[in-house]
Amino acid sequence: WAAPDSTNSATFAKYKVTYTTGGTSETKNVTDTGATGTTLTDLSPGHEYSITLVAVSTDDNVVSAEAGGAALTATTKPNAPQSFAPGSTTTNTIALTWAVPSDAA
């Protein structure tokens, strides 16, 4: 992301990133006001997340303490299959086996 425009002399204390999946919402505060990105951690594999970003004002007298920034949707990658291995072979076939990922439905 890009830092908010400061031409109006407004200052802000942090960015607030809110991410939601399956009705569960979490918030990450980024207090480095010079930051232009962050990494969300401890997410669930193969889930879609709705993510919003706002700048939070340092001035309690501001009518709106949060300036709307952006919203997006992103999906984490699923867990990979485990124990992938060749099985029996013939002159023109190879049998393959694997274990289902732990988070598969």
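- Across all non-hydrogen atoms, the minimal contact from Gly46 to Thr75 is C-CG2, 4.4 Å.
- For the residue pair Thr39 and Lys28, the shortest heavy atom distance occurs at O-NZ, 2.7 Å.
- Nearest heavy-atom pair across Pro101 and Asn79 is CG-O, 3.5 Å.
- For Leu72, the CG atom is densely surrounded, since the number of other residues' heavy atoms within 6.0 Å is greater than 12.
- What you find for Thr73 and Ser50 is that their closest heavy atoms are OG1-OG, 4.3 Å.
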Stepwise side chain to side chain contact (heavy atoms under 4.5 Å, CB included) test for Asn29 and Lys16:
CA-CA 5 Å; Asn29 292 307; Lys16 185 169 75 171; 3.7 Å; yes
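- Closest approach of Tyr19 and Leu40 over heavy atoms only: CE2-CD2, 3.6 Å.
- Counting heavy atoms from C-beta outward, Thr38 and Tyr15 have side chains that stay 4.5 Å or more apart.
- Put simply, the side chain of Thr18 never gets that close to the backbone of Thr27: no donor and acceptor are under 3.5 Å apart.
- Residues Thr33 and Ala13 approach most closely at CG2-O, 3.5 Å, considering heavy atoms.
- The OG1 atom of Thr76 lies 5.5 Å from the OH atom of Tyr49; values are rounded to the nearest 0.5 Å.
- Val100 and Leu96 fall into different hydrophobic clusters, where Ile, Leu, Val, Met, Phe, Trp and Tyr residues are linked whenever their side-chain heavy atoms come under 4.5 Å apart, directly or through other members.
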